[in-house]
2 protein chains.
Amino acid sequence: MAMAGTSTTTAEVETAAQRDRRSRIVQAALALASRGGYEDVQMREVAERSGVALGTLYRYFPSKVHLLVNAMAHDLERMSSRLQRRTIPGETATERVEWVLEKATRSLQKDPNLTEAMIRAMMAADASVAVEVAAVRSQMSGMITAAIRGDGPEGPDDAEYAGVLQDVWFARQIAWLGGRISSADVWRDIESAIRLVLREHA
Amino acid sequence: MAMAGTSTTTAEVETAAQRDRRSRIVQAALALASRGGYEDVQMREVAERSGVALGTLYRYFPSKVHLLVNAMAHDLERMSSRLQRRTIPGETATERVEWVLEKATRSLQKDPNLTEAMIRAMMAADASVAVEVAAVRSQMSGMITAAIRGDGPEGPDDAEYAGVLQDVWFARQIAWLGGRISSADVWRDIESAIRLVLREHA
DNA sequence: CGGCATACTAGAACAGGTTCTTGTTCCTGT
DNA sequence: ACAGGAACAAGAACCTGTTCTAGTATGCCG
């Protein structure tokens, strides 16, 4: 009885082959998402393309939503680390946040199908995906707060600003997916929200 | 050819029996949503409970999302017309908006399963549901702008404020559904967004 | 009344996400 | 090397939203 734990069980570590499978799965999902959006990411085809059995796919990602939210976190991570490697241009917080969010928006909307798949997955996420969703939000919050403070000190309300802006950002993306506003409106509305939230932040 | 139109075709009018069916369907959907949320609203059971064939259900509401968004619009309409019949209490725009949104939030969260079903449907809505979704948003915007102006004149930015607040409101509901924040946090975050957006509005 | 389009019923059929079953392969500790 | 369990493959099976089919009922126009 004693010493229950990490002996025979997998625990946390993955073999190289497993990292490989996981990566192939994510790549297949991204490719399919890019081709036809959320509904075109079919689990049977993801499995086939990544050369794993359907059951194995479900062992790695317990649902389609998990898979896509994971892929989104992965994408944002890349973008975020690219950002950290440079100074965000702009004199004011407003300018810097506009720069960052425009870059993020543009980068995502360059591939509308992929964006649609990711946003839709974020929206469909229930409590079982909380951890993955939190990772995505944390990435975005980090980018926004970094832009707010520029090279200055952190403000006490920065996190709150970032939260509201992120909410608006997602909501506008959904409105776009829902055909209620155009792609151009997305950016116009986000920009206006930035000015509204960050007014008086010279 | 001439005079195409409302002769034999159904056009817009519904017989009493049809209004009745439609109402029974919505009621059945609401009951099921209240029982177990979005996933418990199963189209076969809605059909059975409302005494119509599955095909007929789909004639009235072309998808589960249409059905639930419609139900939500119906609900908000009741709430909105109740609001219009009284004066919103509060000295400042902030107080009045807080009053209205808290009432709306509380009213919805009194039945969490029902709320979950409706919000999830709103999020899942694609372009084909744009009209119904627009109706819901318009109801909410109306309530918020009415609260902002109180008995005063309409401000030029009221619609924008209402839009941002509504985005935050929905986003916080989703965060709650996604298990990322608690029911109490929902209200705290919305309140803080109201103050942020409406600051300096005495 | 006789057509005739439309609405409706009952139920099968289809589609894609998810789960389950059976047999095989890989890894780990001894 | 080997026993035993975890991971995997292949595919059937299940569930629920959606669509389709065949037959029946209903209302309407001549």
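Protein chains get the first letters and strands the later ones, always in sequence-line order, with residue 1 at the start of each. For the numbers below, each heavy atom of this structure counts, side chains included, while hydrogens, waters and symmetry mates do not.
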Inset, instruction - Could you tell me whether Arg195(B) and Glu191(B) have a side-chain N and a carboxylate O separated by less than 4.0 Å? - result: yes

Legend entry - Asp20(B) CG - dA7(C) C1' separation (whole Å): 15 Å

Legend entry - Distance in angstrom units between Glu14(A) CD and dA6(D) P, rounded: 17 Å

Legend entry - Salt bridge Arg172(B)-Asp167(B), side-chain N to carboxylate O under 4.0 Å: no

Legend entry - Atom-to-atom span, CG of Leu57(B) to C1' of dT9(C) - whole angstrom: 13 Å

Inset, instruction - Determine: side-chain N/O of Gln18(A) to OP1/OP2 of dA6(D), distance under 4.0 Å, yes or no. - result: no

Legend entry - Residue among Val100(A), Leu165(A), Leu101(A) satisfying side chain to side chain contact (heavy atoms under 4.5 Å, CB included) with Met140(A): Leu101(A)

Inset, instruction - Considering just the side-chain nitrogens and oxygens of Thr56(B), establish if one lies under 4.0 Å of OP1 or OP2 belonging to dA7(C). - result: no

Inset, instruction - Could you tell me whether the phosphate oxygens of dA7(C), OP1 or OP2, come under 4.0 Å of any side-chain nitrogen or oxygen in Tyr60(B)? - result: no

Inset, instruction - Starting at atom CZ of Arg21(A), determine the distance to atom C1' of dA6(D), rounded to an integer number of angstrom. - result: 12 Å

Inset, instruction - Specify the separation, in whole Å, of atom CZ of Arg24(B) and atom P of dC8(C). - result: 10 Å

Inset, instruction - Inspect the contact between Lys103(A) and Glu98(A) and indicate whether a charged nitrogen and a carboxylate oxygen are less than 4.0 angstrom apart. - result: no

Inset, instruction - Please report, rounded to the nearest Å, how far the C1' atom of dA7(D) is from the CD1 atom of Ile25(A). - result: 12 Å

In residues 148-161 of chain A, what donor-acceptor pairs under 3.5 Å come from side-chain atoms, sequence neighbours left out?
from, atom 1, to, atom 2, distance (Å)
Asp158(A), OD2, Gly155(A), N, 2.8
Glu160(A), OE2, Ser192(B), OG, 2.8
Tyr161(A), OH, His201(A), NE2, 3.3

Inset, instruction - Would you indicate whether Glu39(A), at its atom CD, is surrounded by more than 12 heavy atoms from other residues, nucleotides or ligands within a distance under 6.0 Å? - result: no

Legend entry - Reading 5' to 3' through nucleotides 13-23 of chain D, protein heavy-atom contacts under 4.0 Å coded B for base, S for sugar-phosphate only, - for none: B--BBBB----

